[in-house]
Amino acid sequence: MTQFPDIRENIELVGLNTLHVPARARFFVEVRSAEELVQSLDWAAAENYEVLILGGGSNLVFAGDFAGLVVRLAIPGRRWEHIEDQSATLVLGAGESWHESVLYAAGAGYRGIENLALIPGTAGAAPVQNIGAYGVELCDCLESVTALDRKTSELVVLNNAECRFAYRDSLFKQTPGRYVITEIRLGLSRSRPLVLGYRDLQEYLGDTPDCDLNPLQVAEAIMAIRRRKLPDPAILPNVGSFFKNPVVDVGSFESLRERHPDIVAYPQKQGVKLAAAWLIDQSGWKGFRNARVGVHNRQALVLINHSEGVGTDILELAATIRESVVKRFGVTLEMEPGIVGEPVTGHS
Ligand SMILES: Cc1cc2nc3c(=O)[nH]c(=O)nc-3n(C[C@H](O)[C@H](O)[C@H](O)COP(=O)(O)OP(=O)(O)OC[C@H]3O[C@@H](n4cnc5c(N)ncnc54)[C@H](O)[C@@H]3O)c2cc1C
């Protein structure tokens, strides 16, 4: 017999977000199956509480306490389906660690997600912002997502096209609160080409011919590069890139380049993507710190909680950085992580 999930009251979330900011959940539950998820959501609806879906808390800023029910997705499970000569589908429960799953797939010789090694968080959250790194995005190999549609209270299977993936964007971001992902399916292959085009990766791998590399070696190279460049949230709490790289039209880019000939940018199908880190660095923020929070000294896109900062400290710093980038370049940066909760009282 399934037990009703254990809904607890007044739970501290400081250890459940990688920025390590304090915030309390009025109610909190950890769900390990789709059935427990439905029961928890029904309880919240009956009590008229708002719901926050939480994975690893690596892409959220708690501005303060959450007055409703925080549902932590801890649905386990890893299995292979449709194993053929060269290809297979890896099915992951939403609560599985993303990084551990990358190592699991790469260790089995399957290619497709090795460049996404060391991205923190859960498998269930990976489609939400279509995680990407080193030339690969989740949408390159995602076959489908199983999700609870909160509008109809039914489990639905959404294929890749239905997920409406774009740069750090998806259906799940475009319709906030509607879908809760319970499982994802990844189409992997032993023979697809490795993606080794990024300069850092090429430098790290040196002269090793591509044919001598396996996906685990690529994942390990990515991990070494990331460890060199990005702060470990366990030591310097952060949520990775705080801003998206802004895309501007070609005309705006040309006039920016006239004034700033060394601007870092990447041509896109439509428009030009500017390196947000360069814009922030040029505005003088790299390495900045005040009493509690700051900007990482090697990667200007990463904001750090140095010493018991609260969510609003981080958000105020982010707002000041945005203003100064607008002033200098006329470009508005968009935040990557989501903001949740009411401003904290009694934590400062
Ligand atoms: C050091 C560091 C490096 C990072 N590097 C990268 C990078 O290279 N590329 C990149 O793309 N991201 C990166 N990130 C951001 C982050 O790791 C990813 O966005 C990750 O997928 C978030 O997973 P999570 O489980 O922590 O999600 P959370 O932070 O818990 O949640 C994020 C959002 O997804 C929603 N959500 C969570 N689980 C589900 C679910 N099962 N169903 C529906 N909605 C859900 C939440 O409500 C929230 O809106 C980095 C973060 C850190 C701290």
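Atoms within each ligand, like the ligands themselves, are counted from 1 in listed order. Hydrogens, waters and symmetry mates play no part in the numbers below; they use all other heavy atoms, side chains included.
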Hydrophobic cluster identity match, Phe172 and Leu41, side-chain contacts under 4.5 Å: no

Cluster overlap Val195 with Val102, hydrophobic side-chain contacts below 4.5 Å: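 Shared cluster, yes.
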
Gln270 atom CD: more than 12 heavy-atom contacts under 6.0 Å: no

Thr122 versus Glu96, side-chain donor and acceptor atoms under 3.5 Å: no

Ring centroid separation Trp43 to Phe4 under 6.0 Å: no

Inter-residue atom distance Gln39.CD - Ile7.CD1, 0.5 Å rounding: 9.0 Å

Every residue of the protein that comes under 4.0 Å of ligand 1, judged on heavy atoms: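 Within the 4.0 Å shell of ligand 1, which is judged on heavy atoms, sit Thr18, Ile53, Leu54, Gly55, Gly56, Gly57, Ser58, Asn59, Leu60, Leu73, Ile119, Pro120, Gly121, Thr122, Gly124, Ala125, Ala126, Val128, Gln129, Ile131, Gly132, Ala133, Arg168, Tyr179, Val180, Ile181, Arg226, Pro233, Asn238, Val239, Gly240.
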
